[in-house]
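We're numbering straight along the sequence, starting at 1.
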Amino acid sequence: LLVGDLVVVAVALGTAQIVWFGTSSDRQVSGLGTSYAVLGIVMAIAWWLSLQLHQARSPKVVGHGWEEYRRVIVATFRVFALLAMASVALKMDASRLYLATAFPLGLVGLLVERKFARVSLHRARVQGEAAAKVLVVGGERAAAELATWFAKHKTAGYEVCGVWVPDESQPLAAITGDAPRGVLVMSSSTGFTEALARSGATTVVVTDTEHLGHESLRDLAWQLEGSN
């Protein structure tokens with residue numbers, strides 16, 4: 001998305017310039033003393049940075065839900081709002097037709113790009129790729145249910161590679177059901193930091209917070225912070 005976003009906004013701005021000013025690169029922006037080509041480059045960089053600042057490419061939102069699309073829309077509107085304010089402050093008179101063409105082209109292009117990227121990402125996840133490895137912490141039953149759900153919904157992008165049941169003193173059998181076979185299950189005889197290392201997980205999901213209790217949950221948060 002880093003490269004794709006830049007390509008999309010550059011194409012949108014370039015298309016708007018060609019449509020209204022032709023292939024000439026020396027058409028000047030009234031009141032600014034520079035060309036539309038330079039303005040287009042500045043806008044492309046600002047647009048790309050706005051997407052970054054609004055975390056529209058964050059792994060937390062990419063690939064699922066509407067939040068990713070919402071951030072793209074908000075980032076785009078704010079760029080053009082800032083451009084409008086700059087136009088007033090600098091007494092710049094940029095072509096409204098140019099902006100009215102670049103804005104919807106870029107926004108639609110970014111949304112379509114993300115749709116195609118999402119389809120590609122989901123396809124990779126179904127094949128067992130591009131998934132975050134998860135250590136499930138909590139009661140055995142809740143952990144088994146969560147592992148089963150992730151196994152059935154691979155497009156969510158999470159793969160359970162370990163379960164840590166902190167209130168069981170004896171090692172437990174591997175989770176049953178439709179969850180992946182061979183998932184490592186550990187009890188309180190294994191410390192949290194060791195469980196995280198043994199599982200190779202990059203993400204921790206806590207189930208049954210009431211089952212763990214407030215003190216255990218607080219201790220877990222401290223251990224997780226210390227392991228980073």
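A heavy-atom distance below 4.5 Å is found between the side chains of Gln17 and Phe21. For the pair Tyr69/Arg118, a side-chain contact is recorded, criterion being any heavy-atom separation below 4.5 Å from C-beta on. Side-chain contact between Leu107 and Val72 is present, with at least one heavy-atom pair separated by less than 4.5 Å. You'll find the side chain of Val108 stays beyond 4.5 Å of the side chain of Leu105, heavy atoms only. Val74 places a side-chain heavy atom less than 4.5 Å from the side chain of Arg78.
A distance-only check finds no donor-acceptor pair linking the side chain of Ser120 to the backbone of Phe116 [under 3.5 Å].
Scanning all heavy atoms of the two residues, the minimum distance from Glu68 to Arg114 falls at OE2-CG, 3.1 Å. Residue Val205 comes nearest to Leu146 through the heavy atom pair CG1-CD2, 3.3 Å, listed as atom of the first residue, atom of the second, then distance. Scanning all heavy atoms of the two residues, the minimum distance from Leu51 to Ala75 falls at CD2-CB, 3.8 Å. Among all heavy-atom pairs drawn from Ala102 and Phe80, the shortest one is C-CZ, 4.5 Å. Across all their heavy atoms, Leu1 and Glu113 have their closest contact at CD2-OE2, 3.5 Å. Across all non-hydrogen atoms, the minimal contact from Cys161 to Lys133 is SG-CB, 3.7 Å.
Taking CD1 of Ile73 as the reference point, atom CG of Leu110 lies at 10.0 Å (rounded to 0.5 Å). Atom NE2 of His122 sits about 13.0 Å away from atom CD of Gln127, to the nearest 0.5 Å. Taking CG of Leu121 as the reference point, atom CZ of Arg125 lies at 4.0 Å (rounded to 0.5 Å).
Both Val163 and Trp149 belong to a single network of hydrophobic side chains, linked directly or stepwise wherever heavy atoms of I, L, V, M, F, W or Y lie under 4.5 Å apart. With hydrophobic clusters built from ILVMFWY side chains whose heavy atoms lie under 4.5 angstrom apart, Phe77 shares a cluster with Val8. Val62 and Tyr158 end up in different hydrophobic clusters when Ile, Leu, Val, Met, Phe, Trp and Tyr side chains are linked at under 4.5 Å.
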In sequence, state the C-alpha distance, the side-chain angles, and the governing distance for Ser58 and Val61, and then conclude on side chain to side chain contact (heavy atoms under 4.5 Å, CB included). CA-CA 6 Å; Ser58 170; Val61 301; 4.2 Å; yes

Side chain to side chain contact (heavy atoms under 4.5 Å, CB included) between Val204 and Leu196, intermediate numbers included: CA-CA 8 Å; Val204 176; Leu196 191 63; 3.8 Å; yes

Test Glu145 against Thr148 for side chain to side chain contact (heavy atoms under 4.5 Å, CB included), laying out the working first. CA-CA 5 Å; Glu145 290 175 355; Thr148 300; 5.7 Å; no

Give the C-alpha distance, both sets of side-chain angles, the deciding distance and a yes or no for side chain to side chain contact (heavy atoms under 4.5 Å, CB included) between Leu13 and Tyr98. CA-CA 8 Å; Leu13 292 163; Tyr98 168 77; 3.8 Å; yes

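Through side-chain heavy atoms spaced under 4.5 Å, either directly or across other Ile, Leu, Val, Met, Phe, Trp or Tyr residues, Val11 is tied to Val3, Val7.
The stretch residues 39-65 participates, sequence neighbours left out, in these salt bridge (charged side-chain N to carboxylate O under 4.0 Å, His left out) pairs: Asp5-Arg57.
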Which donor-acceptor pairs under 3.5 Å do the side chains of residues 40-49 make with protein atoms, sequence neighbours left out?
residue	atom	partner	partner atom	Å
Trp47	NE1	Thr76	OG1	3.1
Trp48	NE1	Leu2	O	2.8

